[in-house]
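All remarks here apply to the structure that follows.
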Amino acid sequence: MTPFASTASPRAPAAATAPVATPAAGHAACATCLVRHVCLPSWSEPGAPTTLDRTPIARRRLRKGQSVFRDGERCEFIYAVRYGSFKSVASLRDGREQVMSFHLPGELFGFDGLATGSHPTSARAIEDAEVCVLPYAELSEAAGESRSVLSHLTSTLSAELVRERHLAALIASTRSEERVATFLLNLSQRLHARGYSASAFQLRMTREEIGSYLGATLETVSRCLSSLARQGFVTVRRRQIEIVDPESLRRCFADHA
């Protein structure tokens with residue numbers, strides 16, 4: 001299987017972006033999922049069924065560019081990436097969009113609207129992809145029934161908060177090359193945790209999207225990747241990245257990774 005390869009809600013935000021959701025009977029469909037060991041089915045304690053185990057999980061396929069939800073829509077569901085990848089974007093006053101985060105296989109998103117009841121961002125597929133969809137009410141109920149589910153939910157929310165604060169500090173206090181290197185290291189770690197190669201992977205996001213996420217321009221991201229390649233840390237072939245010397249890369253940028 002190619003690392004980070006392939007292409008990611010039962011209620012449709014809009015007819016143009018809403019493929020029909022197909023319900024998965026219980027968690028039977030999870031048995032063949034490559035990232036089930038880090039996703040919702042692994043949260044419950046063995047032999048202790050919860051609402052989470054009894055709730056049918058719907059799946060929804062999306063084409064590249066289609067929206068899972070849009071800015072301002074009600075927050076009712078939590079989404080798990082089954083395959084493919086997504087980005088969350090915020091609309092700026094001048095009409096531009098700011099990439100706030102990327103979501104990889106096995107990762108959950110959609111929590112950003114829990115505070116106000118509506119999403120402050122839009123989530124879109126950056127390649128052909130599929131998501132599993134769970135009503136947040138059922139997830140919340142399961143957390144009340146199981147310490148294991150509560151612990152996983154708390155850890156997921158905490159990790160998301162830490163990532164956001166880390167990114168803000170990264171943008172505010174580091175050079176562009178450090179931001180790009182840290183982004184690659186973080187991506188490598190996240191992919192490795194999900195059973196993919198940590199050293200060789202394809203960037204599913206464009207350099208422009210990476211730049212938006214890191215507070216840099218497309219040209220700056222390209223220049224930084226070329227610089228890291230010249231220093232022997234990585235090889236870059238279009239979107240294919242290989243981290244040649246991960247230890248040296250970590251040593252040089254360990255303070256920020």
Side-chain angles (χ1 to χ4, degrees), residues 1-8 30-43 79-88 99-109 111 125-132 148 151-167 169-170 174 177-207 209-210 213-214 221 224-225 228-229 231-257:
M1 178 180 64
T2 302
F4 195 18
S6 79
T7 49
C30 299
T32 58
C33 182
L34 296 175
V35 291
R36 61 187 180 278
H37 63 290
V38 294
C39 200
L40 291 167
S42 69
W43 287 16
Y79 306 88
V81 183
R82 190 165 189 265
Y83 65 80
S85 45
F86 296 80
K87 63 178 179 180
S88 289
V99 176
M100 305 302 294
S101 54
F102 296 107
H103 313 291
L104 310 181
E107 294 184 342
L108 275 64
F109 64 97
F111 294 102
I126 59 178
E127 58 182 318
D128 290 350
E130 183 172 291
V131 287
C132 297
S148 177
S151 176
H152 279 87
L153 179 59
T154 302
S155 296
T156 299
L157 292 170
S158 176
E160 188 168 313
L161 179 61
V162 169
R163 254 197 315 266
E164 289 180 358
R165 291 186 174 179
H166 180 266
L167 178 63
L170 188 70
T174 63
E177 187 172 301
E178 291 175 295
R179 298 180 207 172
V180 173
T182 302
F183 174 78
L184 294 179
L185 287 170
N186 177 263
L187 191 60
S188 169
Q189 292 165 0
R190 290 161 68 187
L191 291 171
H192 180 67
R194 281 147 185 82
Y196 297 93
S197 172
S199 59
F201 49 87
Q202 189 170 0
L203 296 175
R204 296 303 182 180
M205 59 290 292
T206 66
R207 283 161 172 68
E209 289 169 331
I210 295 172
Y213 178 66
L214 296 176
V221 172
C224 291
L225 287 173
L228 293 173
Q231 295 175 69
F233 292 125
V234 301
T235 61
V236 182
R237 297 181 181 88
R238 296 183 180 273
R239 292 195 184 186
Q240 190 68 36
I241 302 292
E242 181 179 359
I243 300 180
V244 178
D245 192 350
E247 292 306 317
S248 294
L249 191 61
R250 289 191 189 95
R251 281 197 300 271
C252 289
F253 303 100
D255 292 339
H256 309 294

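Reckoned from all heavy atoms, side chains included, excluding hydrogens, waters and symmetry mates. We count residues from 1, following the sequence as given.
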Taking the side chain from [X] and the backbone from [Y], do they hold a donor-acceptor pair closer than 3.5 Å?
X	Y	result
T182	E178	yes
R194	R190	yes
S188	L184	no
R204	S85	no

Going by heavy atoms in the side chains, are [X] and [Y] under 4.5 Å from each other?
X	Y	result
L214	V99	no
T206	R239	yes
V236	I241	yes
T156	F111	yes
K87	Y213	no
R207	L225	yes

Exercise for the section: In plain terms, say whether E247 and R250 are close enough for a salt bridge, that is, a side-chain N and a carboxylate O under 4.0 Å apart. Expected result: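 Looking at E247 and R250, the cut-off is met.
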Reported [atom1]-to-[atom2] distance for the pair [X] and [Y], which is rounded to 0.5 angstrom:
X	Y	atom1	atom2	value
L170	R179	CG	CZ	7.0 Å
F233	L185	CZ	CG	10.0 Å
L191	N186	CG	CG	9.5 Å
E164	M100	CD	CE	6.5 Å
E127	M205	CD	CE	8.5 Å
Q202	S197	CD	OG	12.5 Å

Problem - E177 versus Q231, side-chain donor and acceptor atoms under 3.5 Å - result: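 Yes, a side-chain donor-acceptor pair sits under 3.5 Å.
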Give me the atom names and distance for the closest heavy-atom approach of [X] to [Y].
X	Y	value
S248	R251	OG-NH2, 2.9 Å
V221	V180	CA-CG2, 4.4 Å
L108	A80	CD1-CB, 4.0 Å
R82	P105	O-CB, 4.4 Å
I126	F102	CD1-CD2, 4.4 Å
A198	H192	CB-CB, 3.7 Å

Practice task
Kindly state whether the ring of F109 and the ring of F86 have centres lying under 6.0 angstrom apart.
Solution key: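 Between F109 and F86, the centre distance is under 6.0 Å.
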